[in-house]
S.K.: 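A single structure is presented below for examination.
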Amino acid sequence: MIKNPARYLVTSALPYANGPIHIGHLAGVYIPSDIYTRFLRSAGREVIHICGSDEHGVPITLKARNEGITPQEVVDRYHAINKKAFEDFGITFDIYSRTSSEIHYETASEFFRQLYDKDIFIEKSSNQYYDEEAACFLADRYITGTCPHCGNENAYGDQCEKCGTSLNATDLINPRSVISGSKPVMKETRHWFLPLDKYEGWLRQWILEDHTEWKSNVYGQCKSWLDAGLQPRAVSRDLDWGVPVPVEGAEGKVLYVWFDAPIGYISATRELTPEWEKYWKDPETKMVHFIGKDNIVFHCIIFPTMLRAEGSYILPDNVPANEFLNLENDKISTSRNWAVWLHEYLQNFPGQQDVLRYTLCANAPEAKDNDFTWKDFQARNNNELVAVLGNFVNRALVLTDKYFNGSVPARGATDEYDREVLSQISLLKEKVETALEGYRFREALKEAMNLARLGNKYLADTEPWKVIKNDPERVKTILNISLQITANLAIILDPFLPFSMERLREGINSNESRWSMAGSDSLLPEGHSINTPSLLFRKIEDDEIEREVKRLLQTKKDNEDNSSSASPAKENITFDDFSRLDIRTATITEAVKVPKTKKLLKLTLDTGIDHRTVVSGIAEYFEPEAIVGRQVALVINLAPREIKGIESQGMILMAEDKDGKLVFVQPSDRVTDGSEIR
RNA sequence: GGCGAGAUAGCUCAGAUGGUUAGAGCGCAUGAUUCAUAAUCAUGAGGUCCGGGGUUCAAUUCCCCGUCUCGCUACCA
């Protein structure tokens, strides 16, 4: 861990430009990184905060294809939306760049070239599907065909969306190119690989020995990867959307998105400043990557290996990855529209960015997945922001307004309690600071709020509204101290609640937000005039929350309706095709779990003809004991297949709903085993 | 199945290197108060620290075995 770095380089995960940003992104990555950088800036440290859109990769090309537009149009759209969303929420990047920019192409090419020239990569050839009409290699996603498992004729080369099986393109029966519809042919293609395995020893030392201070989820995940052993990883693919591989004879190949994306941090820095190298190459720079847990392996293992292989770059000092945020007890999902989108939030709660910032920080998934509920959001706002913070500030200002015409009264003689309270200010400041430096943002926010609690308590204890009647001099001191607390809040809470604290500073007529000034007991001089107070936060009423909850319930309902819409019918077959299938009733006589699997049961069935063994992927839904004796429908003339070393002789018919839940298809009355089903 | 992370008051979470009555915020109850957005302040109730073993004079904290949740991974004819 670097002590007293000369400067900081803070990066926030590049959001993938195929969708808008939601509260999960904000809570996991951008709120913490923004608080961190705002704090560093306020503390006068040299810091830059880098982010941008990650715009390459297959999903974007598919989205473009589906919508009949170009990939560039897709990324232009989301780049604009997300850039604005970040600005609206006060996420202060020094630059929000994008990986489709010219400077990124240049940077990524150079980086690749450096490693290439140093002979870091392994070159390997393999056979892949090639579309002769379109004259290009086909990524797995660009091939459809019949799923060898479920017979779905529109399975993708990487996965069958019907049965959920992950596939290799070569598994597909009757493969077709998505681009031209033609039948692809196998053709040799060459790719470059980053030999991660060669860096294993170095990585073990660097992470497991030198960075034991990393968060347990991060450290554990890295250890898991390292213990499992690393494999060389392809850095190029056959695709036309991305950074071309800058090597002769590599036409039609681009850098794999995982290789190209983190370099986006570097190119964005280059775009920002000609002095980019001092941020990336001076060991006095402290680099910190803010990411979500899905990105740990890239930022802790792969990117550092790239940087190390190149040789002239520094490595991250820490990678404070957060866990995931759930929404109302359910996983956030873009495709299921189960999310609170940033632009929607601002429509419903205009001007209330800080409320969301506060809630998401106070409830950030730092150590484990966490749940966002609207009810909690309302409670945090009403019971904490309004009742504790807004209320204290308002009390201090209103009293000053009322008793001293809005002019900061002189602080006279202080008693022991006054001095105790004043000393608490700098104590709390230090606690906030320590927590922030350790990436403990929830704790930092809590301590910062304790300053407002201190203020409330101070007022309750000193009761200036009573004292004013017979000792106005004493009230001057009390309010002076209350106002010093207020002015300190405007600094200490600024990284967390920038919009509100800006307004608070307007209220107290101050523009002091330097962290070094926090802790001072004399931020506001005697006679300094403050403005007529306005409220910092407003209560959020039940009906506003109900509105949001209703919207989510509607989403849930819509999803159910959608899921009830059945998938389209397959192509017609002849009666002969059908009669080739031999489906019979059969009774399960034995059922045991296949060892070392999660889904597989080994079943023995009485088919009326014989007793046979079938392996079936239903263990997640059925206990072995519970299904013995059950009569089922069985395809008995399916070619046998070995699964986990067991020969499976047939297939039990199951109905599967959209969520993957399985139920048996069985005769409504018991019939003789071996009865034909047709 | 393997690996990683987590399981602590009604809710959301803290609990270095094991040590007297296990903490905080919110919620709840009671009292005080009225400057303040019915806000604040004080006090209190509430916990077999997931279960079971073990090490130890002593375990929420260490070890082993389970259970459940989340992620990665294998498997789903």
Side-chain angles (χ1 to χ4, degrees), chain A residues 147-151 160 163-166 215-228 292-294 296-297 321 323-324 326 331 359 362-373 375-376 379-380 382-403 440 442-443 445-447 449-450 452-453 455-468 475 478-479 482 533 535-539 593-601 614-620 635 638-644 648-652 654 656 660 662:
Chain A
C147 172
H149 299 206
C150 69
C160 172
C163 65
T165 310
S166 55
K215 288 175 63 170
S216 65
N217 57 340
V218 176
Y219 187 91
Q221 186 70 244
C222 291
K223 187 167 184 325
S224 166
W225 278 84
L226 289 170
D227 287 347
K293 69 170 160 185
D294 51 336
I296 290 173
V297 66
E323 302 282 304
F324 286 156
N326 292 327
K331 241 180 258 192
T359 310
N363 200 26
E366 283 180 0
K368 61 178 181 188
D369 287 2
N370 239 333
D371 198 27
F372 175 93
T373 66
K375 200 164 156 279
D376 185 63
R380 294 268 185 199
N382 292 357
N383 303 331
E384 297 179 28
L385 286 178
V386 173
V388 176
L389 174 59
N391 187 225
F392 165 68
V393 167
N394 189 237
R395 295 169 86 187
L397 299 190
V398 164
L399 288 170
T400 305
D401 201 44
K402 198 179 271 185
Y403 298 150
R440 296 187 305 273
R442 309 169 57 119
E443 183 187 325
L445 180 54
K446 196 184 103 190
E447 294 298 346
M449 284 297 283
N450 277 341
R453 293 180 199 282
N456 276 320
K457 184 168 164 48
Y458 180 68
L459 284 179
D461 289 344
T462 54
E463 300 181 305
W465 50 90
K466 277 188 184 167
V467 177
I468 190 74
V475 173
I478 294 170
L479 285 186
S482 302
L535 296 173
L536 282 182
F537 303 99
R538 67 162 188 85
K539 287 201 102 174
K593 205 151 178 241
V594 179
K596 300 190 178 188
T597 67
K598 189 155 69 179
K599 297 185 180 177
L600 299 183
L601 289 186
V614 169
V615 176
S616 190
I618 59 175
E620 282 185 300
V635 181
L638 190 66
R641 157 106 184 205
E642 189 169 301
I643 300 164
K644 282 275 162 185
S648 179
Q649 303 159 311
M651 176 167 172
I652 293 175
M654 307 291 296
E656 182 180 18
L662 297 171

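Residue numbers begin at 1 in each chain, while the letters A, B, ... track the order of the sequences. Side chains are part of it too, since the values below use all heavy atoms of this structure and drop only hydrogens, waters and symmetry mates.
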S.K.: Under 4.0 Å between any heavy atoms, over every strand shown, what does Ala362(A) touch: base, sugar-phosphate, or nothing? Just pick one.
M.R.: nothing
S.K.: Counting heavy atoms from C-beta on, name the nucleotide in U40(B), U37(B), C75(B) closest to the side chain of Ala460(A).
M.R.: U40(B)
S.K.: Report which part of the nucleic acid Leu600(A) touches: base, sugar-phosphate, or nothing (heavy-atom distance under 4.0 Å, all strands).
M.R.: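 Leu600(A): backbone/sugar contact only, no base atoms under 4.0 Å.
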S.K.: Report, one pair per line, the protein and nucleotides 71-73 of chain B atoms (nitrogen or oxygen only) whose separation is under 3.5 Å.
M.R.:
from	atom 1	to	atom 2	distance (Å)
G71(B)	OP1	Lys331(A)	NZ	2.2

S.K.: Considering only the P atoms, how many Å lie between U8(B) and G18(B), rounded to the nearest integer?
M.R.: 22 Å
S.K.: At 4.0 Å (heavy atoms only), tell me whether Lys457(A) reaches a base, stays on the sugar-phosphate, or touches nothing.
M.R.: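 Sugar-phosphate contact only.
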S.K.: Using atom CG of Leu459(A) as one end and atom C1' of C35(B) as the other, report the distance to the nearest whole Å.
M.R.: 8 Å
S.K.: So that I can tick it off, tell me whether Lys368(A) and Glu323(A) are bridged by a salt bridge, with the cut-off set at under 4.0 angstrom between side-chain N and carboxylate O.
M.R.: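 No, Glu323(A) and Lys368(A) are not salt-bridged.
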S.K.: Measuring only the C1' atom in each nucleotide, how far is G15(B) from A59(B)? A whole number of Å is fine.
M.R.: 14 Å
S.K.: For the side chain of Asn383(A), counting heavy atoms from C-beta on, which of A24(B), C75(B), C26(B) is nearest?
M.R.: C26(B)
S.K.: If the C1' atom of G23(B) is compared with that of A38(B), how far apart are they to the nearest Å?
M.R.: 30 Å
S.K.: Just checking Leu638(A): base, sugar-phosphate only, or nothing, at a heavy-atom cut-off of under 4.0 Å?
M.R.: sugar-phosphate
S.K.: Please state whether the phosphate of C11(B), meaning OP1 or OP2, lies under 4.0 angstrom from any side-chain nitrogen or oxygen of Lys375(A).
M.R.: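 The answer is no; no side-chain N or O of Lys375(A) sits under 4.0 Å from OP1 or OP2.
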S.K.: Just the rounded figure in Å: distance from P of C75(B) to NZ of Lys599(A).
M.R.: 10 Å
S.K.: C1' atom, G25(B) versus G46(B): distance in rounded Å?
M.R.: 15 Å
S.K.: How is the base pairing of RNA chain B summarised as a dot-bracket string, given the Watson-Crick and G-U wobble criteria with both distances under 3.5 Å, [ ] for crossing and | for another strand?
M.R.: (((((((..((((.....[...)))).(((((.......))))).....(((((..]....))))))))))))....
S.K.: Is a donor on one side and an acceptor on the other found under 3.5 Å between the side chain of Lys539(A) and the backbone of Val386(A)?
M.R.: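 Side chain of Lys539(A) to backbone of Val386(A): no pair is present.
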S.K.: With heavy atoms under 4.0 Å as the rule, sort Glu384(A) into base, sugar-phosphate or nothing.
M.R.: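 Sugar-phosphate: the residue Glu384(A), judged by heavy atoms under 4.0 Å, touches backbone atoms but no base.
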S.K.: Tell me: CZ of Arg395(A) to C1' of U37(B), nearest whole Å?
M.R.: 12 Å
S.K.: Can you tell me how far apart CZ (Phe537(A)) and CD (Glu384(A)) are? Round to the nearest 0.5 Å.
M.R.: 11.0 Å
S.K.: Which listed nucleotide (C76(B), A5(B), U40(B)) is nearest to the side chain of Ile643(A)?
M.R.: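 Ranking C76(B), A5(B), U40(B) by closest atom to the Ile643(A) side chain puts C76(B) first.
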S.K.: With a 4.5 Å heavy-atom cut-off, do Val467(A) and Thr462(A) have their side chains touching?
M.R.: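 Not in contact.
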S.K.: Separation of Ile468(A) atom CD1 from A36(B) atom P, in whole Å?
M.R.: 14 Å
S.K.: Can you tell me how far P in G6(B) sits from the matching atom in C28(B), rounded to whole Å?
M.R.: 32 Å
S.K.: Whole-Å distance between C41(B) P and Asn456(A) CG?
M.R.: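 My rounded result for the distance is 5 Å.
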S.K.: How is Val398(A) classified with respect to the nucleic acid when contacts are heavy atoms under 4.0 Å: base, sugar-phosphate, or nothing?
M.R.: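 If one applies the 4.0 Å heavy-atom cut-off, Val398(A) turns out to touch the sugar-phosphate alone, with no base involved.
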S.K.: Please state the C1' separation for the pair U61(B) and G19(B) - nearest whole angstrom.
M.R.: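 It comes out at 11 Å once rounded to the nearest Å.
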S.K.: Mind checking Val635(A) for me? I need base, sugar-phosphate or nothing, with any heavy atom below 4.0 Å counting as a touch.
M.R.: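 Nothing, no nucleic acid heavy atom in range.
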S.K.: How close or far is atom P of G15(B) from atom CZ of Arg442(A), stated in whole angstroms?
M.R.: 11 Å
S.K.: Can you measure Tyr458(A) atom OH to C41(B) atom C1' for me and round it to whole angstrom units?
M.R.: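 Taking atom C1' of C41(B) as the reference, OH of Tyr458(A) is at 15 Å.
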S.K.: For Tyr219(A), report the nucleic acid contact type (base, sugar-phosphate, nothing); a contact means any heavy atom under 4.0 Å.
M.R.: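 No contact.
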S.K.: For U60(B) and C50(B), measure between their C1' atoms and round to the nearest Å.
M.R.: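 It works out to 12 Å between them.
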S.K.: With a cut-off of less than 4.0 Å, is there a side-chain N or O of Arg380(A) near OP1 or OP2 of G27(B)?
M.R.: no
S.K.: For the side chain of Glu463(A), counting heavy atoms from C-beta on, which of C75(B), U40(B), U33(B) is nearest?
M.R.: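 Of the options given, the side chain of Glu463(A) lies nearest U33(B).
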S.K.: In whole Å, I'd like the distance from the CG atom of Leu445(A) to the P atom of A24(B).
M.R.: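 Value for this atom pair: 18 Å.
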S.K.: Just compare A5(B), C35(B), U37(B) and give me whichever is closest to any side-chain atom of Val386(A).
M.R.: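 Looking only at side-chain atoms, Val386(A) lies closest to U37(B).
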S.K.: Describe the nucleic acid contact of Leu536(A) in one word from base, sugar-phosphate, nothing, applying a heavy-atom distance below 4.0 Å.
M.R.: base
S.K.: What is the nucleic acid contact for Ser616(A), judged by heavy atoms within less than 4.0 Å: base, sugar-phosphate only, or nothing?
M.R.: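 Ser616(A): backbone/sugar contact only, no base atoms under 4.0 Å.
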S.K.: Base, sugar-phosphate or nothing for Lys402(A)? Non-hydrogen atoms, less than 4.0 Å.
M.R.: sugar-phosphate
